[in-house]
Amino acid sequence: MEEKFVVNIIHRPEMVPEYAEKVTGQGAKEDISRKSLLTESLDIFKTQQEIAHKNGLKTTIQMTYASLFNEEAVNLAKEHHEKYGDEIALTLLGLPCKEFREKYKTKDFCIWMFSMEDKISIVNDVFEKFHDIFGFYPESTGSYYMDAELTNYIKEKYPSVKCAVATCWEEGPKAYHTCNNSWYTFMDGGPWAPWIPSKANTHAPAANKEEDSGIVAIPHLSRDLIACYDGNGSNFGTHPQNVLRGMIYKDGKYPYLFNIIDQYRSFARLNNGLAYNMMFVGPGWMNKMGRWEAPYELLKQSYEDGMAYYGQLKKEGKLEDMTMAEFADYYRANKTYEEPECALWKDILYGSKKQLFWYTDPYMRACINMDQGGALVDLRPYVAKLEWPVGIGTKHVTDASYPFLIQEKYRAGYFTHYAGEGTVRSAKISYKGEEADLCLCRTKAHFSNENGDRVLTLDPVDIEFSDLTLTVCTKIHFEEGSSKIRYERKITNMSNPLAKVSINEYMVACYGTTEYSEDMTSIKLDIKAQSGDKHIDYAYKCREEAVLGASLVSALVPPINTLVSMNTDKKDANGYVKEGYAFSPMFTLGYTFEAKNEEEYSTWLNLEKAN
């Protein structure tokens, strides 16, 4: 398998960089047209471009609206396009400038938060201004997030656009809290690597041509897939100044930055030979006054070192630099709609030996935590292709996240309070009144691609009861194109070969986008069985139903248009559903049965669009 590591380096001449006005203003009255601010911003953009070109790397220059009014920025873009092959593109970041403020009478700058009417007006203004300046329309655009309605409009009105920066990975409540509850950009639940967004929802990849929005989407920065999940993503990524902001350096050295790049390189073997990395940089990060307690000299040096590493990889034939438009063409030529993206991420920051496995395809995004015995700890039902309008005038002014069914950071996971349960998919093993949850058994995973299934084979874990020991072997199958996850387990090495243990394969779930509970009363829990079906309309009454030999246990979750179910190949299994209560507003699906030594069984988790 030939391996290719592709990098997108994206610069934007942001004439009024985020944060920078307040920093360079030194207490003066706000003035985003101040000449010193514009001059410094342009100087930094020039420096960034120079560093990339010095290392033999081409860039995508995403012109901001403000930069389109600056003759020097425009001429630089034209010159670098001719001389270095840089792409001249257009970003929907960097809107604020004197002209924008005068027309729209607002300090809003996030395109997805405007009303649809204003989104259309802004897009038309920015794209037509770009055309007036350059004589053509851009092939690439982007923002921190682009909602589906916005993307669909841009593609219809400006069909030349083929690539966009479309979401910022795990930018949600965690980032909000670490920004002193002031950064209202909630967009959790999207892919961390390139994808083709569906017309219905930007986060959810298209399953076929009919769902295809017409663009290839790339993430805003390549993130650390453990550190960002556990904490604030803004501190952990392949943007050198992110690493400085996270204080992950010592004596002017930052090996962590190169470790992230190398870990992304390694994912080629998981994804049919393609590995991807990106860096998306505005000038605000190289402020002459310094940032994040780091002086300008270190800000600049870190950028030079990062570019030098990419440049060296290119010289060694280990990296290919592409513009965004070039990458969009390459991606479409080399990926199928249903082909998943996989990442087996190991901790490179804290030395914990922790592993998370991330999987995304048009039907789901899932995360498996090896520190919790291979438990499923994050699940987003992309199969629903949930339409989620965002911005002023919608139900979701600021919350662009794709809802979860399972999310350990916002809904507890296994380790919970003295009462109630957290969301997780795991198994419990019982013997003579003692119980062990596999969530308490740390393990490691090994990835393989078996006949289209992406398979995690976990190191066996040992369970010790008072008078019985045994080993549990687990394989987790992600079945391409099926919206199913199969847990295959085998019980081995029983100290008493004639003993039988009780197994409880379970899923505790809810729905939402933040820590706060949603209204669960529309949820319907069902058991299908030849002997008769059972049903619970969720009412926080702590009820439970079970049927021996159940063929399916399921939950219909209307607010996110999702039907989630479980089934097993154990014919004598007891299928059950449980309703939660107000203090523990979850629902549980599961199967209980007995297993003996050397016995194998499988349990499936299935996702469907509700209607």
Side-chain angles (χ1 to χ4, degrees), residues 373-377 379 381 405-406 411-414 416 419-439 472 474 484-489 491 500-511 520-558 562-596 599 601-608 610:
L376 178 63
V377 294
L379 182 62
L405 282 165
I406 292 173
R411 301 301 174 85
Y414 177 72
T416 58
E421 293 182 296
T423 59
V424 71
R425 160 76 182 95
S426 184
K428 298 172 185 175
I429 300 171
S430 304
Y431 183 70
K432 292 184 178 179
E434 295 179 87
E435 182 180 83
D437 195 309
L438 291 181
C439 278
V472 181
T474 301
K484 297 176 185 292
I485 304 172
R486 175 163 70 102
Y487 274 79
E488 175 192 346
R489 302 201 206 268
I491 307 296
K500 288 186 177 181
V501 292
S502 296
I503 308 289
N504 179 2
E505 291 281 348
Y506 71 92
M507 170 191 184
V508 180
C510 61
Y511 75 95
M520 303 281 281
T521 52
S522 62
I523 292 173
K524 300 182 183 304
L525 305 174
D526 284 286
I527 305 175
K528 300 289 184 191
Q530 275 192 331
S531 60
D533 300 343
K534 296 285 187 179
H535 177 83
I536 296 175
D537 286 328
Y538 202 107
Y540 299 95
K541 292 182 178 178
C542 213
R543 292 167 294 175
E544 182 173 352
E545 294 284 0
V547 180
L548 192 64
S551 59
L552 196 75
V553 293
S554 68
L556 176 67
V557 189
T562 299
L563 180 68
V564 57
S565 63
M566 288 176 65
N567 63 295
T568 181
D569 58 6
K570 286 283 288 182
K571 300 302 180 189
D572 57 346
N574 194 51
Y576 70 91
V577 295
K578 286 168 61 177
E579 152 191 58
Y581 47 99
F583 191 84
S584 184
M586 314 293 172
F587 63 84
T588 307
L589 310 178
Y591 280 92
T592 58
F593 48 85
E594 289 190 327
K596 57 183 186 295
E599 183 170 356
Y601 66 90
S602 289
T603 315
W604 285 262
L605 188 156
N606 318 289
L607 294 171
E608 298 173 66

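None of these values were measured; they are calculated from a predicted model. If you read the sequence from its start, that first residue is 1, and numbering goes on from there. Computed over heavy atoms, backbone and side chain alike; hydrogens, waters and symmetry mates excluded.
For the atom pair OG of S502 and CD of E435, the computed distance is 9.5 Å after rounding to the nearest 0.5 Å. Note that OG of S522 and CG of D537 are 10.0 Å apart. Values are rounded to the nearest 0.5 Å. Taking OH of Y487 as the reference point, atom OG of S426 lies at 7.5 Å (rounded to 0.5 Å). The structure places CG of L589 at 8.0 Å from CG of L605, a figure rounded to the nearest 0.5 Å. Atom-to-atom distance recorded for I536:CD1 and I523:CD1 is 12.0 Å, nearest 0.5 angstrom. The distance from the CG atom of N574 to the OH atom of Y591 is 9.5 Å, given to the nearest 0.5 Å.
Residues passing the salt bridge (charged side-chain N to carboxylate O under 4.0 Å, His left out) test with E488 are R486, sequence neighbours excluded. Applying the ring pair (Phe, Tyr, Trp, His ring centres under 6.0 Å) test to F593 and every residue at least two apart in sequence or in another chain returns Y601. With sequence neighbours excluded, the residues satisfying side chain to side chain contact (heavy atoms under 4.5 Å, CB included) with A412 are T416.
With no hydrogens or angles considered, no side-chain donor-acceptor pair links D526 and S554 at under 3.5 Å.
Between S602 and D569, the closest heavy-atom pair is N-OD1, 3.0 Å. The two residues A555 and L525 make their nearest non-hydrogen contact at CB-CD2, 3.6 Å. Considering all non-hydrogen atoms of both residues, D572 and L548 come closest at O-CD1, 3.4 Å. The minimum heavy-atom distance linking C439 with V424 is given by the pair SG-CG2, 3.9 Å. The minimum heavy-atom distance linking I406 with L376 is given by the pair CG2-O, 3.6 Å. Minimum interatomic distance between Y506 and A427 (heavy atoms only, all atoms of both residues): CE2-N, 3.7 Å.
Counted within 6.0 Å of NZ on K534, heavy atoms from surrounding residues, nucleotides or ligands total 12 or fewer; the atom is thus considered open. Applying the 6.0 Å contact sphere to NZ of K500 captures no more than 12 heavy atoms from other residues, nucleotides or ligands.
When atom types are taken as modelled, the side chain of Y540 and the backbone of M520 share a donor-acceptor pair closer than 3.5 angstrom. A distance-only check finds no donor-acceptor pair linking the side chain of R411 to the backbone of P585 [under 3.5 Å]. A donor-acceptor contact shorter than 3.5 Å is absent between the side chain of E579 and the backbone of Y538. Using a distance-only test at 3.5 Å, with no hydrogens or angles considered, a donor-acceptor pair links the side chain of K570 to the main chain of E594. Formation of a donor-acceptor pair under 3.5 Å by the S584 side chain with backbone atoms of E421 is found in this model. When atom types are taken as modelled, the side chain of E608 and the backbone of L563 share no donor-acceptor pair closer than 3.5 angstrom.
Put simply, the side chain of L552 does not reach to within 4.5 Å of the side chain of I527, judged on heavy atoms. Inter-residue side-chain proximity for L438 and I429 is flagged as met; some heavy-atom pair is nearer than 4.5 Å. Counting heavy atoms from C-beta on, the side chains of S430 and N504 never come closer than 4.5 Å. Between I503 and E599 the shortest side-chain heavy-atom distance does not fall below 4.5 Å. For the pair T562 and Y511, the minimum side-chain heavy-atom distance is 4.5 Å or more. A heavy-atom distance below 4.5 Å is not found between the side chains of V577 and F587. Within the 4.5 Å cutoff, the side chain of T588 has heavy atoms near those of the Y576 side chain.
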